[in-house]
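All chains are named by letter (A, B, ...) in the order of the sequence lines, taking the proteins before the strands, and each is independently numbered beginning at 1.
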There are 2 protein chains.
Amino acid sequence: MNAQLANWDDLRVFLAVARAGSLSGAARSLGVNHSTVFRRVAGLEETLGVRLFDRLPTGYALTPVGEETLGIVERIEDDVTALDRTVTGQDLRLSGTVRITAIDMLAFWLLPDHLRRFRETHSGIEVEIVVGNEALNLSRRETDIALRIGNTPPETLVGRKVGQLEFAIYGAPDYCAAHPGADLAQQDWIGFDSAHAPLTRQLEKLLPGMRPAVRSNSVACAVRLAKAGLGLALLPCAIAELKPDLIRVAELPESFGLDLWLLTHEDLRHTARIRAVLEFLTPALAESLKKCTKGPEI
Amino acid sequence: MNAQLANWDDLRVFLAVARAGSLSGAARSLGVNHSTVFRRVAGLEETLGVRLFDRLPTGYALTPVGEETLGIVERIEDDVTALDRTVTGQDLRLSGTVRITAIDMLAFWLLPDHLRRFRETHSGIEVEIVVGNEALNLSRRETDIALRIGNTPPETLVGRKVGQLEFAIYGAPDYCAAHPGADLAQQDWIGFDSAHAPLTRQLEKLLPGMRPAVRSNSVACAVRLAKAGLGLALLPCAIAELKPDLIRVAELPESFGLDLWLLTHEDLRHTARIRAVLEFLTPALAESLKKCTKGPEI
DNA sequence: AGGTGTCCTTGCATGAATGCACAGCTTGCC
DNA sequence: GGCAAGCTGTGCATTCATGCAAGGACACCT
């Protein structure tokens, strides 16, 4: 057996420091004390007999041999992650943790009630909601399930379209009273950033050249901004209709909706607890979205 | 960060058990207590949520998911070994351990005196001699330096031919007195196994169809067998000439010698301590082999 | 110049990992 | 059938890795 490197786990610590650029940052990402990281890195350098990092006042920077090491350790990490997916995919226990990621809007308003009901029948499964407006990486197991809007999923992800989110224009009652008139181009608007490109494009199409008074990467934040009277916003009916302090200002000239997908990684689809969550949420979300559509149908 | 597998080093323990086929065997190869291995494997299976091994009375056998895991972990081990070679190759310290492997004959009689002198000038470097009659793998860092007879080295190994071992036929004085006569075919012979194919082939060529009375994988053992009077043996002059209780029986019809190589891995050639050992031994062995040739030169 | 925040490094106490010793089971040999 | 050897599994004592707390250094801002 290899006598030189007797603890492969030191490489995991090395990787964290390389990525964080500091002991403290690595400690935070690893969930350990910074003094532990200090000793682990020092021990690894002693064992290998080389300096992996230069010590700077602002943190740790990779040396050239550290750069070479990083390249190899990233391959190791890829293998560890693949292993993790492979064996987790065969985990038949209906217990443990399932991590779901969704943008804040969906996480706040679509998931909690469903997950409460899910827990009634699967008390052994803990669900962790990861709220984020950046797409987490399922291949790296940053999350187990993703609730995503918009595009068709990447090839390695599997799942179903659980429904469609219809969008309409909403504003606060006070704002609308103070800004009567049907000319949308004369109104103030709440916009989005590049993380919500479909919404941004739709607004641009609706009102060419319109410049929003305020923008956000968070749809939940946009809802709040609208409620605060900063302007009109293009919001999903399923969420906005739940808000008595938001009123639908106008229909879009043509119907605009985005697909909502429930996704996991190909290797995890057979993991019992992940499968259980997917099988519960798919019909539940579909039912929710069916009820919450724009306006009464004739 | 990967929350599922928080200790990569458990994979190193898994690998040892997979290869040894038992907790006890893995404990021996890892140099830890078997109860430690027991707990590490149990912990890994708990973390991953799968059974990696079937428990048998005779040891541990891989389950199907264990087989899949083994495939991935072997890739990880290859990366760890490559990393080890890469960084060890840049280790500039003249301290630490250098491992040399050689067959027993060479290890016993060629290395000790040279290494004693080496230590006089490099007291910080510890040398470990790994005696074995199987070729250890330098790519996997089972050894740092190999002293090898015979073939030109594989492409990834670098080193020099330090000399040539001349061979001649030797026997014990008592045996020779009791078996006078020049007909070698009538003599008893001590042979070798497939680990010493060049010697076996040479004997076969010398005496076609000859079947040795006894065979061994160890040249050192063959020397002892010859001294014990079990027959004649084809032995290297550099070693046999040192033995007053072996006499040279006859010259070979044509000179027969094998090259002796001092080799290391391409990635390790710049490791300071390995380089120091090579630079000392190369001329020292060459000098030794120059002195020990068959018979006095005219 | 002083205050704040971030960083690294180290000594000491604590808890987790490990080794030790033991027990039990199975297999193979005589 | 008895014995030896190999194996797994567990309780308790020991060792070592880790966290805590403290100190020092540096950069940035006022």
Enquirer: Got a salt bridge between A/Glu46 and B/Arg93, using NZ or NE/NH1/NH2 to carboxylate O under 4.0 Å?
Expert: yes
Enquirer: In whole Å, I'd like the distance from the CG atom of A/Leu23 to the P atom of D/dC20.
Expert: 17 Å
Enquirer: Return the value, rounded to whole Å, for the distance between atom CG of B/Leu56 and atom P of C/dT26.
Expert: 13 Å
Enquirer: Please round to the nearest 0.5 Å and tell me the distance separating atom NZ of A/Lys227 and atom CZ of A/Arg224.
Expert: 5.0 Å
Enquirer: Between C1' on D/dA17 and CG on A/Asp9, what's the gap in Å once rounded to a whole number?
Expert: 12 Å
Enquirer: Please state whether the phosphate of D/dC26, meaning OP1 or OP2, lies under 4.0 angstrom from any side-chain nitrogen or oxygen of A/Thr58.
Expert: no
Enquirer: Within the sub-3.5 Å range, which N or O atoms of nucleotides 13-20 of chain C have a protein N or O partner, and how far apart are they?
Expert:
{"unit_1": "C/dT18", "atom_1": "OP1", "unit_2": "B/Arg40", "atom_2": "NH1", "d": "3.1"}
{"unit_1": "C/dG19", "atom_1": "OP2", "unit_2": "B/Asn33", "atom_2": "N", "d": "2.9"}
{"unit_1": "C/dG19", "atom_1": "OP2", "unit_2": "B/Thr36", "atom_2": "OG1", "d": "2.1"}
{"unit_1": "C/dG19", "atom_1": "O6", "unit_2": "B/Arg39", "atom_2": "NH2", "d": "2.6"}
{"unit_1": "C/dC20", "atom_1": "N4", "unit_2": "B/Ser35", "atom_2": "OG", "d": "3.0"}

Enquirer: I'd like to know if the side chain of B/Thr63 reaches the main chain of B/Arg51, judged simply by a donor and an acceptor atom lying under 3.5 Å from each other, with no hydrogens or angles considered.
Expert: yes
Enquirer: How long is the line joining CG of B/Asp54 and P of D/dT8, in whole Å?
Expert: 13 Å
Enquirer: Could you check how far CG of A/Asn7 sits from C1' of D/dC16, rounded to whole Å?
Expert: 13 Å
Enquirer: Grab the CG-C1' distance between A/Leu30 and D/dT18 for me, whole Å please.
Expert: 13 Å
Enquirer: In this structure, how many angstroms lie between the C1' atom of D/dG9 and the CZ atom of B/Phe53, rounded?
Expert: 16 Å
Enquirer: Any base atoms under 4.0 Å from A/Ser24, or only sugar-phosphate, or nothing? Heavy atoms, all strands.
Expert: sugar-phosphate
Enquirer: Whole-Å distance between D/dA5 P and B/Arg28 CZ?
Expert: 14 Å
Enquirer: Parallel, tilted or perpendicular, judged at 30° and 60°: which one describes the rings of A/Phe14 and A/Phe53?
Expert: tilted
Enquirer: Would you mind checking if B/Arg273 and B/Asp144 are paired as a salt bridge, meaning a charged N to carboxylate O distance below 4.0 Å?
Expert: no
Enquirer: Can we say B/Asp78 and B/Arg75 salt-bridge, meaning some charged N sits less than 4.0 Å from an Asp/Glu carboxylate O?
Expert: no
Enquirer: Mind listing the closest non-hydrogen atom pair of B/Tyr175 and B/Gly229 along with its distance?
Expert: CD1-O, 3.3 Å
Enquirer: Check this one for me: any side-chain N or O of A/Tyr60 less than 4.0 Å away from OP1 or OP2 of C/dT6?
Expert: no
